[in-house]
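Notes follow once the structure below has been shown.
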2 protein chains.
Amino acid sequence: MFQLSKRVEYGLIALSHMAKGQLGQIYTAKEVSERYNLPYDLLAKVMQKLAKRGFISSYQGVRGGYTLVKHPVTLTIASVVDAIEDRPSFAIMQCESHPADSCTIHKQCTIKDPLLKLQGSINKVMEEMTIMELV
Amino acid sequence: MFQLSKRVEYGLIALSHMAKGQLGQIYTAKEVSERYNLPYDLLAKVMQKLAKRGFISSYQGVRGGYTLVKHPVTLTIASVVDAIEDRPSFAIMQCESHPADSCTIHKQCTIKDPLLKLQGSINKVMEEMTIMELV
DNA sequence: CCTAAAACGGACTATTATTGTCGTATTTAA
DNA sequence: TTAAATACGACAATAATAGTCCGTTTTAGG
Ligand code: SF4
Ligand code: SF4
């Protein structure tokens with residue numbers, strides 16, 4: 001519980017790697033996966049998603065790869081997590097990340113409202129750290 | 001990812017319920033499970049663990065049950081989570097909650113150190129909210 | 001003493017989420 | 001034309017969580 005998924009970790013590693021180099025430099029998934037010993041297929045998917053979400057742009061074909069689009073300072077951990085995960089991602093309560101009625105006790109639950117405050121604090125923490133601090 | 005476990009939620013619900021009443025009042029697991037529609041067996045285990053960790057004290061036998069021992073203001077979310085989960089509980093990185101070498105890329109990983117700062121912020125948030133705010 | 005209600009605790013199953021893999025299609029520089 | 005790359009979809013393997021079952025122990029009260 002409360003652990004960053006590997007997908008997110010791989011995404012953060014890839015982004016921080018790209019943030020090290022010059023703006024506009026092209027990196028391939030293979031290159032990153034070998035450099036950090038990450039499973040290629042999984043990393044590839046993560047980078048594809050980051051591309052789809054506009055964090056990096058992709059170039060197909062032989063000398064293809066990815067380049068960082070946004071400036072590292074503007075890339076918060078929160079935004080990266082949100083991009084990679086499909087659901088409202090660091091929701092600490094099931095009723096926030098899933099349909100509310102998927103929690104069988106939603107109606108009787110007395111803690112969901114007060115916990116929203118905790119959620120807010122966590123959101124803030126995740127929004128305050130950026131990829132810049134990872135390089 | 002990043003979701004409180006049901007065990008923790010049930011524990012928080014139980015504690016907040018007990019915090020509502022008078023100090024020293026006895027509550028049974030059955031009573032709580034019926035009041036909030038929680039699966040009895042699972043809740044029972046959670047309360048047993050809370051008893052073992054000294055958050056509540058238990059009385060066996062016919063008119064037995066649990067009473068709240070610590071004052072709600074001193075019961076932080078962090079301490080409750082730690083009591084219920086076995087591992088360092090809201091560790092955001094596998095290498096912190098599991099043996100470090102269980103992460104195959106631990107050695108090459110460049111994000112683990114910077115992420116400790118994030119971890120610290122999250123710890124703080126979890127330590128600042130108490131059961132008192134749930135009643 | 002007997003009974004019933006409660007905590008205690010171990011083992012197990014079911015369900016779900018995550019992680020990793022595979023196969024194939026598409027694009028494109030050289 | 002080829003090879004290197006992204007792009008997708010489907011799948012399998014693994015692990016974590018949730019929930020269940022079954023028994024033991026304790027003890028107040030009749
Ligand atoms: S309703 Fe209460 S228990 Fe169900 S998910 Fe939301 S917070 Fe957790
Ligand atoms: S080493 Fe890096 S990747 Fe492995 S768990 Fe720790 S942080 Fe995550």
Side-chain angles (χ1 to χ4, degrees), chain A residues 1-11 13-14 26-34 37-53 55-67 81 84-87 89-94 97-99 102-105, chain B residues 1-11 13-14 18 26-34 37-53 55-67 81 84-87 89-91 93-94 97-99 102-105:
Chain A
M1 122 183 205
F2 248 84
Q3 206 161 288
L4 294 170
S5 68
K6 286 297 175 192
R7 289 205 312 272
V8 165
E9 289 189 327
Y10 297 164
I13 289 173
I26 285 192
Y27 301 89
T28 69
K30 189 179 176 217
E31 178 185 347
V32 174
S33 91
E34 283 174 353
N37 212 20
L38 309 177
Y40 169 79
D41 294 282
L42 194 47
L43 173 66
K45 293 227 169 125
V46 169
M47 295 183 79
Q48 280 162 33
K49 198 156 222 174
L50 288 173
K52 203 174 241 183
R53 297 282 191 269
F55 288 77
I56 57 187
S57 63
S58 75
Y59 303 94
Q60 293 192 33
V62 173
R63 308 279 300 173
Y66 300 95
T67 64
V81 172
I84 292 174
E85 304 289 339
D86 292 320
R87 298 189 283 267
S89 40
F90 36 95
I92 61 175
M93 296 174 279
Q94 186 186 103
S97 59
H98 295 68
S102 78
C103 178
T104 54
I105 66 164
Chain B
M1 119 183 207
F2 249 82
Q3 208 160 285
L4 294 171
S5 68
K6 286 299 176 190
R7 288 206 312 270
V8 165
E9 290 190 326
Y10 297 164
I13 289 174
M18 297 175 81
I26 287 193
Y27 301 89
T28 68
K30 189 179 176 221
E31 180 186 343
V32 174
S33 90
E34 284 174 354
N37 212 19
L38 309 177
Y40 170 79
D41 294 282
L42 193 48
L43 174 65
K45 293 233 166 117
V46 169
M47 295 182 79
Q48 280 164 33
K49 198 156 222 175
L50 288 173
K52 203 173 239 181
R53 298 281 190 273
F55 288 77
I56 57 187
S57 63
S58 75
Y59 303 95
Q60 293 193 33
V62 171
R63 309 278 301 172
Y66 300 94
T67 64
V81 172
I84 292 174
E85 304 288 339
D86 292 319
R87 297 189 281 268
S89 42
F90 36 93
M93 295 173 282
Q94 186 185 101
S97 59
H98 295 67
S102 77
C103 178
T104 54
I105 65 163

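Excluded from the calculations below are hydrogen atoms, water molecules and symmetry mates; all remaining heavy atoms, backbone and side chain alike, are included. Just so we're on the same page: letters track the sequence lines, and every chain starts at 1.
- With sequence neighbours left out, the side-chain contact (heavy atoms from CB on, under 4.5 Å) criterion links Ser57(B) to Tyr59(B), Thr67(B), Val69(B).
- Between Phe2(A) and Phe2(B), the ring-plane angle classifies as tilted under the 30° and 60° cut-offs.
- Side-chain atoms of Glu9(A) and Ile105(B), non-hydrogen and from C-beta on, never get closer than 4.5 Å to each other.
- In the helix from dC1(C)-dG30(D) to dA30(C)-dT1(D), the rotation axis of the first five pairs and that of the last five pairs differ in direction by 0°, rounded to 10 degrees.
- Position along DNA chain D of the nearest nucleotide to Tyr10(B) versus His98(B) favours His98(B) as the more 5'-ward residue.
- Here the C1' atom of nucleotide dA10(D) and the CD atom of Gln48(A) are 14 Å apart, to the nearest Å.
- By the 6.0 Å contact criterion, CZ on Arg63(A) is open, its count of non-hydrogen atoms from other residues, nucleotides or ligands being 12 or less.
- The residue Ala29(B) sits close only to the backbone: its heavy atoms come under 4.0 Å of sugar-phosphate atoms, none of a base.
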**Request:** Produce a footprint string for nucleotides 20-30 of chain D: one letter per nucleotide, 5' end first; B if the base is under 4.0 Å from any protein heavy atom, S if only the sugar-phosphate is, - if neither.
**Result:** BB---BBBB--

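- Computed from coordinates, the Leu4(A) CG to dA16(D) P distance equals 15 Å when rounded to whole Å.
- Counting 5' to 3', DNA chain C first comes under 4.0 angstrom of a heavy atom of chain A and last does so at the ends given by dA17(C) to dA29(C).
- Listed by chain and number, the residues in a side-chain contact (heavy atoms from CB on, under 4.5 Å) with Lys52(A) amount to none (sequence neighbours excluded).
- Rounded to whole angstrom, the span from the NZ atom of Lys30(A) across to the P atom of dA4(D) amounts to 7 Å.
- Computed from coordinates, the Tyr27(A) OH to dT6(D) P distance equals 14 Å when rounded to whole Å.
- If you measure from atom CZ of Phe2(B) to atom P of dT17(D), you get 14 Å, rounded to the nearest angstrom.
- Straight-line distance from the OH atom of Tyr66(A) to the C1' atom of dA7(D): 8 Å, rounded to whole Å.
- Checked against side-chain hydrogen bond (donor to acceptor under 3.5 Å, both in side chains), Gln48(A) has no partners two or more places apart in sequence or in another chain.
- Residues passing the side-chain hydrogen bond (donor to acceptor under 3.5 Å, both in side chains) test with Lys49(B), sequence neighbours excluded: Asp86(B).
- Within 4.0 Å (heavy atoms only), Met1(B) reaches sugar-phosphate atoms of the nucleic acid but no base atom.
- Residue Lys52(A) has no polar side-chain atom (N or O) positioned under 4.0 Å from OP1 or OP2 of dT6(D).
- Under the side-chain contact (heavy atoms from CB on, under 4.5 Å) criterion, Thr28(A) pairs with Lys30(A), Glu31(A), sequence neighbours left out.
- Applying the side-chain hydrogen bond (donor to acceptor under 3.5 Å, both in side chains) test to Ser33(B) and every residue at least two apart in sequence or in another chain returns nothing.
- Evaluation of the side-chain contact (heavy atoms from CB on, under 4.5 Å) rule for Gln94(B) yields Gln3(A), Lys6(A), His98(B), Ser102(B), Cys103(B) as partners, not counting sequence neighbours.
- The two atoms that bring Ile26(A) and Gly65(A) nearest to each other are CG2-CA, 3.8 Å, heavy atoms only.
- The separation between Glu85(B) atom CD and dA18(D) atom C1' is 12 Å, rounded to whole Å.
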